[in-house]
Amino acid sequence: MYILHITTEAAPFAKVGGLGDVVTALSLEMVKKGHQIALLLPKYDCMDTSLLKNLKAESDSFLTEEAGQKYRNTIWTADYKGLKILLLETDHPLAYFSRKTIYGCKDDNDRFLYFCKAALTYLTNAQKTIDLLHLHDWPTAVIPILYREIYKSQGLNIKRTIFTIHNIDYQGRCSILNLNKIGINKETYFRDLLDPVFPGVINLMKGAIKYADALTTVSPAYEKEIKTAMGGKGLHYLLIENQHKLKGILNGIDTDYWNPEKDLFIAAHFSPNDPIQKIQEAKQKNKAALNKQLNLADSKAPLVVSITRLVPQKGPELIRHALLKTIEKGGQFVLLGNCAPDEIQKSFEEIQRLFAKNRHLAISYQYNEPLSHLIYAAADMIIIPSIFEPCGLTQMIAMHYGTVPLVRHTGGLGDTVFDVDTSKENEELRNGFTFEHPDNKGVDWALDRALDCYQNNQEKWQWIMQHGLKEDFSWEKSAAKYMKVYSGI
Ligand code: ADP
């Protein structure tokens with residue numbers, strides 16, 4: 001089967017969050033099963049092309065029309081671990097993909113609408129037959145409409161289209177003018193895409209839900225949540241109407257990449273199958289390396305961490321509370337949080353000023369892949385107090401590195417973390433601490449029990465660690481479920 005992903009992220013060379021991890025890991029699993037997989041994404045100036053092999057420009061360039069003007073584009077090809085990578089470069093005067101960032105520009109709608117149109121122009125010229133086109137979140141949501149409206153009649157042959165909702169919070173709201181610019185002018189589309197909440201606004205995700213052949217989302221719990229008024233953010237009626245083509249499939253992690261046995265970024269290696277004492281010794285060495293790197297006190301205190309986009313969805317005020325509580329109780333806290341809006345970053349900077357001389361706390365606002373690996377390997381516990389969480393990968397990566405998750409019971413976190421004291425699941429599945437309400441009391445309930453267990457009941461602590469370490473987070477099971485969706489079963 002020839003499967004093409006049109007995507008705005010692919011880990012590790014163009015990643016902002018979990019979407020990038022999922023696209024690459026799912027694709028690599030499909031390659032193992034003998035399928036031919038390609039990823040088509042913009043050639044961002046900020047992407048790390050050193051990770052790609054055989055990168056070269058195709059000789060034929062092509063034109064894409066936007067608002068009556070034609071702009072030249074070039075496709076670059078490369079290989080990444082058996083995946084074919086196609087990168088779209090454009091001579092557009094607004095330098096759409098040379099902004100030193102993937103998202104966060106005022107004209108993101110125009111940038112990604114243009115990308116979608118140029119991608120389909122390229123595929124049409126290349127006379128490709130695509131068995132399965134897999135699209136991800138709002139930036140590629142216009143593609144099913146563009147295909148129907150313009151490219152199908154020009155000979156592009158796409159047999160089946162799948163749209164995955166990674167996060168329904170970002171729906172791609174824009175205006176009719178944005179659609180006009182890329183040549184979508186029909187009243188029917190404007191009516192179909194009208195935002196259910198904001199009058200007169202166009203909602204791109206709505207179009208993909210309506211026009212894709214199949215829909216997936218990233219966990220069974222999130223599938224249920226997005227069909228409720230609370231979780232659907234205005235799109236719940238449409239999702240209920242289309243539930244026959246919607247399936248929640250839990251994400252996995254790329255266990256070749258996230259592998260504590262050979263991770264290049266950590267100080268001491270271990271296998272999840274090693275005896276627990278050996279794992280704890282290795283984690284202690286990683287902790288010493290991390291403490292040195294971050295200028296923290298060398299300490300046997302429990303290390304609580306957070307690795308996250310520091311945005312409202314992730315409960316930044318609850319992370320702040322967990323941080324203060326950990327320090328108060330004599331623990332250490334490391335926060336690696338990127339994408340923070342100003343007011344959120346300021347509230348953490350205030351804490352940094354208050355604790356300027358305290359060597360039990362380190363906060364960094366960067367996106368730092370190598371540092372994130374060392375933190376997972378060094379930490380005792382990770383706090384994930386999300387307000388909502390479609391799937392969440394950090395809890396799975398953490399468990400695979402012997403770090404115990406403390407999570408709010410929501411979305412995919414509820415599908416993967418089972419409370420050691422209160423869960424109704426079998427004992428061998430209980431792998432962390434959970435809480436229900438997204439408030440300080442909820443955080444305290446999980447954090448107090450975890451710190452107490454770590455300090456006073458090491459036997460139980462090791463038991464929890466082992467349950468996480470033993471779990472199979474690989475993509476194998478989930479990829480088989482995707483295969484069924486791909487095949488229309
Ligand atoms: P989301 O996609 O909502 O950001 P996920 O839990 O699904 O959340 O995926 C987050 C991914 O991004 C994980 O691979 C995590 O390790 C990584 N990540 C998050 N924040 C950072 C950061 N500041 N630096 C490096 N990696 C990060």
Side-chain angles (χ1 to χ4, degrees), residues 7-26 46 48 101-104 136-139 164-170 217-219 221-222 225 248-260 263 265-266 290 293-294 305-316 319 334-341 344-345 348 362-379 382-401 403 405-408 410-417 473 475 478:
T7 174
T8 46
E9 293 182 49
F13 43 90
K15 167 175 160 182
V16 176
L19 189 158
D21 286 304
V22 170
V23 168
T24 305
L26 171 62
C46 58
D48 186 358
T101 181
I102 293 183
Y103 309 119
H136 303 270
D137 272 354
W138 78 265
T164 295
I165 300 170
H166 294 261
N167 192 334
I168 208 163
D169 224 28
Y170 305 94
T217 189
V218 290
S219 69
Y222 196 55
E225 284 176 17
I249 303 177
L250 192 69
N251 286 335
I253 57 171
D254 178 350
T255 45
D256 282 332
Y257 180 71
W258 293 107
N259 181 353
D263 191 321
F265 303 125
I266 70 178
L290 179 73
Q293 185 172 328
L294 300 179
V305 302
S306 167
I307 300 169
T308 187
R309 288 182 300 118
L310 213 42
V311 295
Q313 173 200 339
K314 305 289 180 178
I319 295 172
V334 171
L335 165 61
L336 179 60
N338 62 327
C339 297
I344 293 177
Q345 182 158 332
F348 282 95
I363 301 180
S364 165
Y365 302 102
Q366 34 164 345
Y367 176 87
N368 187 330
E369 186 77 22
L371 180 58
S372 74
H373 288 238
L374 184 58
I375 297 174
Y376 284 119
I382 185 165
I383 175 96
I384 314 171
S386 304
I387 308 306
F388 70 94
E389 193 59 76
C391 177
L393 297 177
T394 57
Q395 79 280 14
M396 295 193 244
I397 302 169
M399 285 189 265
H400 199 56
Y401 280 66
T403 298
L406 280 53
V407 311
R408 166 144 190 268
T410 179
L413 295 171
D415 281 338
T416 49
V417 183
F473 294 115
W475 263 97
S478 301

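When a ligand or atom number is given, it counts from 1 through the structure's own listing order.
Looking only at side-chain heavy atoms (C-beta outward), I319 and P385 come within less than 4.5 Å of each other. With a 4.5 Å cut-off on side-chain heavy atoms, Q395 and E389 do not count as touching.
D263 and Y376 form no side-chain donor-acceptor contact under 3.5 Å, judged by distance and modelled atom types alone.
Rounding to the nearest 0.5 angstrom, the gap separating the OG1 atom in T403 from the CD1 atom in I397 is 11.0 Å. Note that OG1 of T410 and CD of E225 are 4.0 Å apart. Values are rounded to the nearest 0.5 Å. To the nearest 0.5 Å, atom CD1 of residue I375 and atom CD1 of residue I382 are 8.5 Å apart.
Take Y257 and apply the ring-ring contact (aromatic ring centres under 6.0 Å, His included) test, not counting sequence neighbours, and it matches H373.
Counting heavy atoms closer than 4.0 Å to ligand 1, residue D21 contributes side-chain atoms (C-beta onward) but none from N, CA, C or O. Residue contacts with ligand 1 for T308 involve N, CA, C or O but no side-chain atom from C-beta outward (heavy atoms, distance under 4.0 Å). At a 4.0 Å heavy-atom cut-off, ligand 1 touches K15 through the side chain alone.
In the vicinity of R309, heavy-atom distances shorter than 4.0 Å reach the ligand 1 atoms 1 (P), 3 (O), 4 (O), 20 (N). Residue-ligand proximity, N338 to ligand 1, at heavy-atom distances under 4.0 Å covers atoms 20 (N), 21 (C), 22 (C), 23 (N). Heavy-atom proximity to I397, at under 4.0 Å, picks out these atoms of ligand 1: 14 (O). Within the listing of ligand 1, atoms 6 (O), 15 (C) sit less than 4.0 angstrom from a heavy atom of T394.
Among all non-hydrogen protein atoms, the one lying nearest atom 18 (N) of ligand 1 is I307 CG2, 3.9 Å.
Taking 4.0 Å as the cut-off, Y376 counts as a neighbour of ligand 1 on heavy-atom distance. At a 4.0 Å cut-off, at least one heavy atom of G392 sits close enough to ligand 1 to count as contact. Ligand 1 lies within reach of K314, whose nearest heavy atom is under 4.0 Å from it. Within the structure, the closest approach of Q366 to ligand 1 falls below 4.0 Å when heavy atoms are considered.
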Check your understanding: T7 and L19: side chain to side chain contact (heavy atoms under 4.5 Å, CB included), yes or no, with the steps?
Key -> CA-CA 9 Å; T7 174; L19 189 158; 3.7 Å; yes

